[in-house]
Amino acid sequence: MNSFTYTRASGVEAAVREKAADNAVKFIAGGTNILDLMKENVERPSRLLDLNHLPLKAIEAAPDGGLRLGALATNADTAWHPEVQKRYPLLNQAILAGASPQLRNMATNGGNLFQRTRCYYFYDTATPCNKREPGSGCSAIGGYNRIHAILGTSEQCIATHPSDMCVALAALKATVRVSGQNGERTVKFENFHRLPGDAPEFDHTLAPDELVTAIDLPNEDFSQHFSYLKLRDRQSYAFALVSVAAALQLDGNTIKEARLALGGVAHKPWRDQQAEELLKGQPATEDTFRKAAAAVVSSARGYGHNTFKIELAKRAIVRALKQAAEGTQHASDIFTNSNP
Amino acid sequence: MNTPTTQAALGQAAIAPPPPTSTVTLKINGVERHLQLAPWTSLLDALREYLDLTGTKKGCDHGQCGACTVLVDGKRINSCLTLAVMQEGADITTVEGLGTEDNLHPLQQAFVDHDAFQCGYCTPGQICSAVGLLTEGKAKTTAEIREMMSGNLCRCGAYTNIVSAIEEVLHSKNSELRR
Ligand SMILES: Cc1cc2nc3c(=O)[nH]c(=O)nc-3n(C[C@H](O)[C@H](O)[C@H](O)COP(=O)(O)OP(=O)(O)OC[C@H]3O[C@@H](n4cnc5c(N)ncnc54)[C@H](O)[C@@H]3O)c2cc1C
Ligand code: SF4
Ligand code: FES
Ligand code: FES
C-alpha cells in the first residue's frame, strides 16, 4: 500500500467539497473493495475520507411508497430488512448470493455500486490494462478471458461488473440518489453504470466529486414471481459466471409485466428491455422464455475461454423465468439461488 | 567494490523517516488499548503485530478465506479488510475474548468434542464466525449452516466436523448463546 492520510467525513457537503478539491482523495465505506485494490497497488489514494459516520444508514419508506436504502447501510442489514424480505425478495436473494456473511456485514450499498471488475489483469499491475492504465492495451482480449463479458464489449475492454446486488437493482428499476457540488440529483439505475466503449477507465457516469446518498426502490410488486439464479464455479463465496434476475407479474398464465437482467456478462448489469417486451402479453411457457433468451444473446460475442457463457446465459434465462413463473422462491430460502 | 548502495552511503538518512502515526483507541475484549498506528494498518495487523493478539490469523489478507474473522459490535467481519483507525470507538471481540482455558466458550468446547480441525489455522476464524452466525439467528438447517459458514475456508477440509460442532451448540437447549 502507498502511504496516505485518513480523516472521517464530517458531513455530506463537506465530503463532496473535499473530494472536489483533490482528485487523489478517495471515499472509503466498507473498505472491502478499495482496501483490497490498495493492497494490490491498483488504487493509490493520497487521502481516505471515511464515510461511515455520515447519517446515511437508514432503510425507510420513500415518498412514492417505495423503499429508500441508505448508501451506508450494510448489504447484510439491507438483505435482512423486513421490508426488503417482504416486498423486494429478489433483492434479498441477490445480496445473499454475493460474497460471504462477513463481507456483507462490512460492504455498504453505496460501495457495492462502485465495486470494480475482478478481471485478473486489472488486478495485476505487471500487465497492460486499459481500465487501470488507459492506452496500455487489453490483456484479456487474446489472453485468459473465461470470466469476461459477452455483451456490450469494446475493442478496449471486455471486463464485467461483478455485483449481484446491482443485477437485482437493475431489474427492479431502482433510482440512485446523488449529492454533488451542484446539489442533489437522481440517476436511473440503467444510466448509472456504463459500457466500456473507448473509455474503459470509467465504470459509471458520476462525476468524481459525487457521492451516493441512497438507492430508491419503486413502489412495484414483484414479490410473488421472481428468481435470482447465480451460476458459478463453486456453490457459494464465488463471483457469478452468469447470473439472472427475473421478475414477473402474472394474470393467470399471461405475463403482464416482466423484468430481466443479467450479471457476469457485461461491463454493467445487463437489463434487456427488448426481451422484456417480448415476454409481455405472452403465456408463461418455456417457448416464450426461449424466445426471450434467444433475443438477449442475439448480439453476444465470445472471446475464446468465455464463449460457453453464451449458451449458459440462454439456459440460465429460461430456467430463471421458469422458476419465477412457478413462484418457487421465498425470501427465507437462501439456497435456491445457487442450487435450483 | 565501493559503489555506494546503502542509503547512508548515498548521503541520505540511513533509516526512512517513520510514517505519520496517529493515536488510536481500540476496545478489544472489553479492554481499552491505546496505540500509535500508521493509517494503513489493518485491524488484523494491529491485533497481531501491535497487541500480541495472535489468535486471529492471516490467511489471504484479501477477504477470501475468513481466517481473520473477528466480531465488531457483535457482528462478524474480516479484520484484514478494515483499517484499525476506522474501528476507533467500536467494541471488538477476538477469539482470545470468547472463553478462558478453564472455561471454554460452548463453541470452543464443541470444536474440541467434534474434532473440528486438523492443523487449527482456520479455527479461530471459524469459531468467531460461528459466534456471529448464532447471534444472527438466520441459519437453522445443516444446509443453511454450510451456506452461512461459506466465508470460512478450511484447507484441511474439516468442514463436516465444523458443521456438526456448530449444529450441536445451535440445537443445545442450555446454550447461553440462544437468544
Ligand atoms: C472475497 C470477496 C468476494 C466477493 N464476492 C462478491 C460476490 O459474489 N458478489 C458481489 O456482488 N460482490 C462480491 N464482493 C464484492 C463486495 O460486494 C464489494 O467489495 C462491496 O460491496 C463494496 O462495498 P464497500 O462498502 O466495502 O466499498 P468500499 O471498498 O469502501 O468502496 C468501494 C468504492 O466505492 C466508493 N464509494 C463507497 N461508498 C460511496 C458512496 N456512498 N458514494 C460514492 N462513492 C462511494 C469508494 O470510494 C471506493 O472507490 C466480494 C468481495 C470480496 C473481497
Ligand atoms: S478486460 Fe478491461 S479490465 Fe481486463 S485487461 Fe482488458 S481493459 Fe483491463
Ligand atoms: S486473512 Fe482476512 S479473509 Fe483471509
Ligand atoms: S483445520 Fe487446517 S485449515 Fe482448517
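For clarity, every value in this text was computed on a predicted model and none was experimentally measured. Every chain is numbered from 1 and lettered A, B, ... according to where its sequence line falls, protein lines coming before strand lines.
If you measure heavy-atom distances from A:Asn33 to chain B, you find no contacts under 4.5 Å at all. Neither the backbone nor the side chain of A:Ile34 comes within less than 4.5 Å of any heavy atom of chain B. For B:Thr82, the parts sitting under 4.5 Å from any heavy atom of chain A are the backbone and the side chain alike. Only the side chain of A:Asn52 comes within contact range of chain B, with at least one heavy atom under 4.5 Å from a heavy atom of that chain.
Other residues, nucleotides and ligands contribute over 12 non-hydrogen atoms within 6.0 Å of the CZ atom of A:Phe114. Remark: A:Glu13 CD is loosely packed, at most 12 non-hydrogen atoms of other residues, nucleotides or ligands lying under 6.0 Å away. Heavy-atom contacts from other residues, nucleotides or ligands closer than 6.0 Å to NZ of B:Lys27 number 12 or fewer.
Shortest non-hydrogen contact noted between B:Ser150 and A:Ser236 is OG-OG, 2.6 Å. Scanning all heavy atoms of the two residues, the minimum distance from A:Trp80 to B:Met148 falls at CZ2-CE, 3.8 Å. Across every non-hydrogen atom of B:Pro39 and A:Phe4, the tightest pair is CG-O, 3.1 Å. Residues B:Gly63 and A:Leu103 share a closest heavy-atom pair of O-CD1, 3.6 Å.
By the 4.5 Å heavy-atom criterion applied to side chains, A:Leu48 and B:Leu83 are counted as neighbours. At a threshold of 4.5 Å between non-hydrogen side-chain atoms, the residues A:Gln235 and B:Arg146 do not count as touching. Looking at B:Val72 and A:Asn105, their side chains never come closer than 4.5 Å, going by heavy atoms from C-beta outward. Considering only heavy atoms from C-beta on, B:Cys80 comes within 4.5 Å of A:Lys39 through its side chain.
Counting heavy-atom pairs closer than 4.5 Å to chain B, the top-ranked of the candidates A:Ser3, A:Ser100, A:Ala99 is A:Ser3. Counting heavy-atom pairs closer than 4.5 Å to chain A, the top residue among B:Lys75, B:Lys140, B:Met86 is B:Met86.
Identified by a heavy-atom distance below 4.5 Å to chain B, the contributing residues of residues 19-30 of chain A are A:Ile28, A:Ala29, A:Gly30, in residue-number order.
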Determine all donor-acceptor pairs shorter than 3.5 Å in which one atom belongs to a side chain in residues 117-130 of chain B; sequence neighbours excluded.
from: B:Tyr121; atom 1: OH; to: B:Lys58; atom 2: N; distance (Å): 3.4
from: B:Tyr121; atom 1: OH; to: B:Lys58; atom 2: O; distance (Å): 2.5
from: B:Thr123; atom 1: OG1; to: B:Gly120; atom 2: O; distance (Å): 3.1
from: B:Ser129; atom 1: OG; to: A:Gln102; atom 2: NE2; distance (Å): 3.3
from: B:Ser129; atom 1: OG; to: B:Arg76; atom 2: NH1; distance (Å): 2.9
from: B:Ser129; atom 1: OG; to: B:Asn152; atom 2: OD1; distance (Å): 2.7

